[in-house]
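Sequence lines set the chain letters: A, B, ... in the order given, protein chains first and strands last, and positions in each chain run from 1.
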Number of protein chains: 2
Amino acid sequence: MKATIRDVAKLANVSISTVSRVLNAPDMVVRSKRERVLEAIAELNYSPNALARGLIHRRTRTLGVLFPDISNLFYSEVLAGMESAAYESDNNLIICNTDNNIDRKRAILKVLDEKQIDGLILTSEPVLPDDQAMIAKLACPVVLAATHSPDYAIASVKVDEEQAAYDAAAYLIGLGHVRIGMISGLADDPISGGPRIRGFIRALEDHGLQSDPERCIEYGSYRFEHSYEAMKKLHAKYPDMTAVFASGDERALAAISYLHENRIRIPEQVSVIGFDNTRMAGMCFPKLTTVAQPLYDIGYLSVVKLLRLINGEPVDDLRTIVPHSIVERDSVAAPGKRI
Amino acid sequence: MKATIRDVAKLANVSISTVSRVLNAPDMVVRSKRERVLEAIAELNYSPNALARGLIHRRTRTLGVLFPDISNLFYSEVLAGMESAAYESDNNLIICNTDNNIDRKRAILKVLDEKQIDGLILTSEPVLPDDQAMIAKLACPVVLAATHSPDYAIASVKVDEEQAAYDAAAYLIGLGHVRIGMISGLADDPISGGPRIRGFIRALEDHGLQSDPERCIEYGSYRFEHSYEAMKKLHAKYPDMTAVFASGDERALAAISYLHENRIRIPEQVSVIGFDNTRMAGMCFPKLTTVAQPLYDIGYLSVVKLLRLINGEPVDDLRTIVPHSIVERDSVAAPGKRI
DNA sequence: GATGAGTTTGAAAAGCTTTTCAGAAAAGAT
DNA sequence: ATCTTTTCTGAAAAGCTTTTCAAACTCATC
């Protein structure tokens with residue numbers, strides 16, 4: 001049986017108020033008593049009950065985090081950043097997996113609400129009207145990580161997807177590539193789809209290159225197998241392309257696998273640039289050149305922002321844009337170049 | 001301001017006991033009142049406060065999980081299994097990252113204890129006397145996932161590392177390999193070190209092969225860069241080996257990178273077998289043959305086991321061994337074979 | 001219409017802590 | 001030694017729910 005503050009009070013022969021003060025405002029209690037209390041605490045291995053505390057303070061120092069798929073490297077790195085920020089600020093994270101399932105999400109949100117989380121972070125998933133309704137019922141602030149809501153005024157932290165995609169394409173173009181394909185998420189995917197496609201196309205158009213989506217883009221989920229098939233189709237319909245922009249590192253790895261299997265040399269014959277810069281990017285062969293999202297920072301900053309909102313502090317901007325960058329490794333080279 | 005049970009009671013014009021009963025034992029309250037209460041609940045968007053509930057029931061339906069490094073794919077898959085089991089049993093997971101830091105671990109355990117978690121899962125890390133002391137102070141059951149404690153009677157779920165390593169080596173031997181190297185964790189690492197090394201050596205000895213650790217094993221952390229260096233050294237001191245057993249997929253990818261960069265063909269010239277079967281194994285080139293640990297299951301079963309302990313139900317065995325298997329992909333072939 | 005059994009309800013305690021408020025003790029001033 | 005201030009301390013309320021217990025009610029039976 002865990003010791004309670006009563007037990008400590010009894011053992012130290014003081015009132016429970018005094019024990020409480022020793023814990024929360026030690027200077028208020030006279031030294032002799034304080035020491036007796038401290039001894040009693042040690043002897044009973046007492047630790048205060050956070051439930052009771054939370055009940056009074058109306059604060060649990062616990063945040064909820066929803067992921068569509070935690071087993072994805074992308075999210076684990078975001079999570080790592082969140083966990084650090086939470087630890088540094090004395091908060092804990094309850095992690096839930098939504099599986100992209102609206103009913104499951106609803107159930108989770110209900111429980112988290114009951115558990116009195118101080119704030120919630122939603123990761124990657126688009127905010128549909130349904131979500132918005134559920135969020136609105138919540139009694140706590142919400143931050144979106146690696147996604148944002150154009151329609152509702154919800155705080156968010158993410159990169160500028162369109163610009164990042166533009167930069168990826170522009171980078172390839174700068175190296176001299178003129179026939180560039182893309183493996184993309186579905187066009188209606190508000191993160192890895194739409195904006196990245198627009199950025200990609202815009203870059204091609206700005207440089208007067210072939211930019212017909214029918215020809216130079218293939219779509220598929222982020223899953224390796226789907227991306228592999230997408231690469232296969234893309235290569236079939238655009239055989240003379242010299243570079244591929246894969247909207248996600250997992251897609252890039254699938255492209256690389258396809259090229260290897262068809263004995264097409266990377267980057268000599270075809271360059272591949274990825275997106276995300278997950279840890280896998282440095283572990284494949286050739287090492288992947290990719291558009292880096294600061295995944296850890298996105299996680300870290302979402303928690304920081306959420307904490308601000310919880311504390312009623314001002315946040316400078318509702319939608320935080322974090323910088324992306326291109327990490328040059330070995331999967332991209334100028335077209336036709338021997339290495 | 002969140003509505004409380006009082007507010008509901010007032011609006012429905014009943015006592016709070018009645019509201020509570022509508023929630024917990026609806027049949028006890030007469031229909032007319034029940035409906036009035038339900039309406040009030042809906043109108044006020046009331047949801048019961050889990051802190052107050054937890055205080056009474058002495059149960060929070062919240063479990064703590066400690067990882068040494070969440071951003072590792074290995075752990076994210078274990079985590080996915082845990083999360084499923086937790087969701088199915090109406091529990092939540094508080095995830096913490098220890099960074100292998102004892103002080104941090106101590107701080108985390110203190111907070112989790114205060115938050116009245118019902119149970120704790122420790123992942124991968126060895127249980128040192130210090131840990132044991134901290135665990136003993138906890139008021140809740142503990143399960144070790146992907147690790148175990150030979151010294152203390154703590155429940156655990158993991159594969160038989162030694163046998164798995166033995167099987168990996170035996171598999172290579174069965175294909176005709178006679179000069180086999182290993183990239184290992186440090187010898188004193190109780191998981192990816194010691195047991196796997198012993199299994200590996202035993203397999204070699206059982207078949208009368210070169211098994212001098214000085215010659216055929218290199219050590220290093222699981223980090224890619226360290227493993228790359230280890231592979232480099234191993235290859236230097238054992239240039240005629242035809243197969244490598246990498247104790248972990250990340251190590252295997254490093255080995256593969258090294259071989260690619262030195263234009264050594266895989267598996268024609270050197271076969272590589274990994275360990276873990278993380279998702280990366282299917283995304284590299286060539287696809288990695290590896291000893292599969294059922295990562296998801298390890299996570300899932302640890303939670304199931306923990307729940308048993310929490311409920312005071314019997315567990316059949318303190319140390320659960322889950323089955324491993326060899327997943328054959330493309331990185332291993334018979335020595336000298338053309339593909 | 002009274003009695004009894006069974007159902008339904010509300011008051012109050014319990015679960016553990018923090019915080020307010022007022023009283024007690026100590027310290028200081030005269 | 002007395003009175004004021006200041007410092008400490010304890011009792012009690014509050015935070016929200018569940019649960020026990022006893023009271024009130026319903027309904028059937030005689």
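- Between B:Gln116 atom CD and C:dG15 atom C1' the separation is 11 Å, expressed in whole Å.
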Kindly list each side-chain donor-acceptor pair under 3.5 angstrom involving residues 130-142 of chain A, sequence neighbours excluded, with atom names and distances?
| unit_1 | atom_1 | unit_2 | atom_2 | d |
| --- | --- | --- | --- | --- |
| A:Asp131 | OD1 | A:Lys105 | NZ | 2.7 |
| A:Asp131 | OD2 | A:Leu128 | N | 2.8 |

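- Within the structure, every pair that satisfies the side-chain hydrogen bond (donor to acceptor under 3.5 Å, both in side chains) test and touches residues 82-93 of chain B, not counting sequence neighbours, is listed here: A:Arg104-B:Glu83, A:Lys115-B:Asn92, B:Ser84-B:Tyr296, B:Glu88-B:Tyr300, B:Ser89-B:Asn91.
- With sequence neighbours excluded, no residue satisfies side-chain hydrogen bond (donor to acceptor under 3.5 Å, both in side chains) with B:Ser156.
- The nearest whole Å value for the distance from the NZ atom in B:Lys10 to the P atom in C:dA11 is 13 Å.
- The two residues A:Thr60 and A:Asp118 come nearest to each other via the heavy atoms N-OD1, 3.0 Å.
- The nearest whole Å value for the distance from the CZ atom in A:Arg36 to the C1' atom in D:dT9 is 12 Å.
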How would nucleotides 17-26 of chain D be written as a contact map, 5' to 3', with B for base contact, S for sugar-phosphate-only contact and - for no contact, using protein heavy atoms under 4.0 Å? BBBB------
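- Between A:Leu51 and A:Ser15, the residue whose closest nucleotide on DNA chain D is further toward the 5' end is A:Ser15.
- Rounded to 10 degrees, the angle between the two end axes of the helix from C:dG1-D:dC30 to C:dT30-D:dA1 is 50°, with five pairs used at each end.
- Atom-to-atom, CG of A:Asp27 to P of D:dT9 comes out at 12 Å; the value is rounded to the nearest Å.
- Between A:Met28 atom CE and D:dT9 atom P there is a gap of 9 Å when expressed in whole angstrom units.
- A close approach under 4.0 Å does not occur between any side-chain nitrogen or oxygen of B:Lys33 and OP1 or OP2 of C:dT8.
- You'll find the side chain of A:Leu79 reaches within 4.5 Å of the side chain of B:Leu79, heavy atoms only.
- Residues meeting the side chain to side chain contact (heavy atoms under 4.5 Å, CB included) test with A:Asp27, sequence neighbours left out: none.
- The salt bridge (charged side-chain N to carboxylate O under 4.0 Å, His left out) analysis of residues 296-309 of chain A, with sequence neighbours excluded, yields the pairs A:Arg308-A:Glu313.
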Table please: side-chain donor-acceptor pairs of residues 47-55 of chain B below 3.5 Å, with sequence neighbours left out.
| unit_1 | atom_1 | unit_2 | atom_2 | d |
| --- | --- | --- | --- | --- |
| B:Asn49 | OD1 | B:Leu51 | N | 2.7 |
| B:Asn49 | OD1 | B:Ala52 | N | 3.4 |
| B:Arg53 | NH2 | B:Asn24 | OD1 | 3.4 |

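- Under the rule for a side chain to side chain contact (heavy atoms under 4.5 Å, CB included), the partners of B:Arg21 that lie at least two apart in sequence or sit in another chain are B:Ser17, B:Thr18, B:Met28, B:Val29.
- Not counting sequence neighbours, the partners of A:Asn13 by the side chain to side chain contact (heavy atoms under 4.5 Å, CB included) test are A:Arg36.
- Between the CG atom of A:Leu55 and the C1' atom of D:dG15 there is a distance of 4 Å, given to the nearest Å.
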Identify each atom pair where a protein N or O and an N or O of nucleotides 24-27 of chain C are less than 3.5 Å apart, giving names and distance.
none

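- Residues passing the side chain to side chain contact (heavy atoms under 4.5 Å, CB included) test with A:Ile56: none are found, sequence neighbours excluded.
- For A:Asp7 and C:dG15, the CG to C1' distance is 13 Å, given to the nearest whole Å.
- Between A:Thr18 and D:dT9 there is no side-chain polar atom (N or O) within less than 4.0 angstrom of OP1 or OP2.
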